[in-house]
Amino acid sequence: MVEIDMNRVDGIIDRYEGERGVLIQMLLDLQSEFNWIPKEAIARISERMRIPKSQIYRIASFYKAMSLNPVGRHLIQVCLGTACQVRGAPKIMDRVKESLGIEEGETTPDMRFTLRRVNCLGCCAMGPVVVVDGDYHGRVTPSGVKDILQRYK
Ligand code: FES
């Protein structure tokens, strides 16, 4: 479970309190502060600004720049396309999950990593492939996973 610092949420709402038509700007500020928009923040905006939660969710899910799911500082993508699978990608995915203590699509509680699976990154000859923040790591072995993760603080 990710813990939300509500003082930071209140600080953002304070900037706009009493103003009208500022919901999108407020949500963008939250997105840039937390890297996502926590449901606790939506509840607080709704309560303090007297805006229905449904309206806030509608806007937050409409804009691609906003995420309603936690996103860590580093995004790890493990390729599970056919070529990478044949070269052992499932074992790599298992090792990443085990090292971070999360499942696919989840974010570590310290917000360091978000883990996603992808299907072919177009560099099958390098498989199994793991991409972290856009850095490609090829021919990854289960024992090499730890080394890769350590490079991203
Ligand atoms: S299957 Fe992994 S890069 Fe193509």
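As the structure lists them, so they are numbered: ligands from 1, and atoms in each ligand from 1.
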Which atoms of ligand 1 have any heavy atom of A83 under 4.0 Å away?
-> 1 (S)

Touching ligand 1 at all, G127? Heavy atoms, strictly under 4.0 Å?
-> no

Criterion side chain to side chain donor-acceptor pair (under 3.5 Å) on N69 and S67, from CA distance to verdict | CA-CA 5 Å; N69 295 313; S67 170; 5.1 Å; no

Shortest reach to atom 3 (S) of ligand 1 by a heavy atom, considering only T82, L121, V78 = L121

Does R8 count as lying over the ring of F34, i.e. NZ or CZ under 6.0 Å from the six-ring centre, within 45 degrees of the axis?
-> yes

Atom 2 (Fe) of ligand 1 reached by C124 (N, O or S, under 2.8 Å) | no

So which bit of C79 gets within less than 4.0 Å of ligand 1, heavy atoms only: side chain, backbone, both or neither?
-> side chain

Check each atom of ligand 1 against the heavy atoms of G81 and keep those under 4.0 Å away; list them by number with element.
-> 1 (S)

Nearest 0.5 Å please: distance from the CD1 atom of I51 over to the OG atom of S46.
-> 7.5 Å

Let me see the working for I76 and T114 under side chain to side chain contact (heavy atoms under 4.5 Å, CB included), right down to the final yes or no.
-> CA-CA 6 Å; I76 307 181; T114 293; over 6 Å; no

If you draw a 6.0 Å radius around CZ in R116, do more than 12 non-hydrogen atoms from other residues or ligands fall strictly inside?
-> no

Counting from 1 in the order shown, the ligand 1 atoms closer than 4.0 Å to a non-hydrogen atom of C84 are 1 (S), 2 (Fe), 3 (S)

Just wondering, is there an N, O or S atom on C120 that's nearer than 2.8 Å to atom 4 (Fe) of ligand 1?
-> yes

When the ring planes of F113 and H74 are compared, do they come out parallel, tilted or perpendicular, using 30° and 60° as the limits?
-> tilted

